[in-house]
Amino acid sequence: MSLTDAPLGHNVAYPAQYDPALLFPIERAANRAALGLGAAATLPFRGADIWTAYELSWLNAKGKPQVAMAVFTIPADSPRLIESKSFKLYLNSFNQTRLDDETVLRERLARDIGAAAGSPIGLDLIMPRDFAAQAIAELEGMDLDALDVAIDTYQPAPELLRHAPGSRDGDIVQETLVSRLLKSNCPVTGQPDWGSLQIRYRGRAIDHAALLKYIVSFRQHAGFHEHCVEQIHSDIMRACAPSELTVYARYTRRGGLDINPWRSTAPGARIGGARTARQ
């Protein structure tokens, strides 16, 4: 199937009943080939796409509406990602569907999304009794956004990346850097996608101003969230060659869904789960 067959960018009637056929998977291979990345078995990173669904509802056996939130973790080495509007339509297909209990819902979600992605997924179903425990926190790290820089490049420009002035081979630092200025555009509709970015690395120091300019250079770029994160990871690895690198983005929600991809070369990399204030 071509991306032109996806529901994104088209007027689509909302479904009245559960329909797993609404999910529209997209092969990761084409984008990765453009980045010079190989097959899933030889990827230079690991990671996942973490989706949070805030608008999940169904009917119980008596027809009474139920609500929940869900967190889906799709491994980065799965062969396919899922187009976001199709994911939204699929979740909404449960709205008028009667289910015996939340166990049935969990089983269907894990089965259908895993089949679309081509890999088993992680699923955390958050019921109303646990809503109060959900945290909001900003990404940890040194904030790059206060840097006073002049910027005139708004398409991805990896040539901007460089090591910090005065740094030398063998001088090793370990830093965590964050920015809220990540923006790209949907490649189908042109709608803006807003995100916060965390870059954690070990290696020769990276020039902070140059890194901020590079992040902002995605501002008019058309790319899916997952593709942008993989491009950022690949560009930093090529330009600055850190011994360890983790790139993590938390994008603001659209249609009741947010997407939070991370890619890392670091053994045992840990990713915070709290949503940011903008999400």
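Computed from a prediction, not measured in an experiment: that's the story for all the values here.
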Can you see which heavy atom on [X] is nearest to which on [Y], and at what distance?
X	Y	result
G118	P79	O-CD, 3.6 Å
Y214	A157	CD1-O, 3.5 Å
A274	A135	CB-O, 3.8 Å
T252	D258	C-CB, 4.2 Å

What's the spacing between [X] [atom1] and [Y] [atom2] if we round to 0.5 Å?
X	Y	atom1	atom2	answer
T73	I121	OG1	CD1	7.5 Å
R28	R80	CZ	CZ	10.0 Å
L182	R250	CG	CZ	13.5 Å
E55	N92	CD	CG	7.0 Å
H163	D169	NE2	CG	7.0 Å
K88	E83	NZ	CD	10.5 Å

So, [X] side chain and [Y] main chain: donor-acceptor pair closer than 3.5 Å or not?
X	Y	result
S86	I82	no
R254	P192	yes
K183	R219	yes
S179	L144	no
Q198	T176	no
R180	R278	no
Q66	K64	yes
E244	G203	no
Q231	L35	no
R98	A61	yes

Just wondering, more than 12 heavy atoms not from [X] lying within 6.0 Å of its [atom1]?
X	atom1	answer
R202	CZ	no
Q155	CD	yes
M142	CE	no

According to a 4.5 Å side-chain heavy-atom criterion applied to Ile, Leu, Val, Met, Phe, Trp and Tyr, with indirect links allowed, do [X] and [Y] form part of one hydrophobic cluster?
X	Y	answer
F218	L197	yes
I259	M69	no
I206	I172	no
W262	L81	no

A side-chain contact here means heavy atoms from C-beta on lying under 4.5 Å apart; do [X] and [Y] qualify?
X	Y	value
Y251	C228	yes
Y90	L109	yes
F24	L89	no
Q279	T52	no
L139	Y248	yes
S119	I74	no
R108	W58	no
P44	L37	yes

Query raised in the report: Does the side-chain contact (heavy atoms from CB on, under 4.5 Å) test come out yes or no for K213 and T153, once each step is laid out?
Result: CA-CA 8 Å; K213 291 180 180 181; T153 302; over 6 Å; no
Requested in this report: For the pair F87 and W51, name the ring-plane relationship: parallel under 30°, tilted 30 to 60°, perpendicular over 60°.
Outcome: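 Aromatic pair F87/W51 classed tilted.
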Query raised in the report: Would you call the rings of F94 and Y18 parallel, tilted or perpendicular if under 30° counts as parallel and over 60° as perpendicular?
Result: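 Tilted.
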Report task. Given side-chain contact (heavy atoms from CB on, under 4.5 Å), test V247 with F45 step by step and report yes or no. Result -> CA-CA 10 Å; V247 176; F45 50 66; over 6 Å; no
**Report entry** Full working for side-chain contact (heavy atoms from CB on, under 4.5 Å) between V178 and S196
**Finding:** CA-CA 7 Å; V178 298; S196 296; over 6 Å; no
**Report entry** Test side-chain contact (heavy atoms from CB on, under 4.5 Å) applied to L56 and L91, V67, N95, the passing residue
**Finding:**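 Among L91, V67, N95, the one meeting side-chain contact (heavy atoms from CB on, under 4.5 Å) with L56 is L91.
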Query - Full working for side-chain contact (heavy atoms from CB on, under 4.5 Å) between E226 and I26 - result: CA-CA 11 Å; E226 302 91 333; I26 298 172; over 6 Å; no
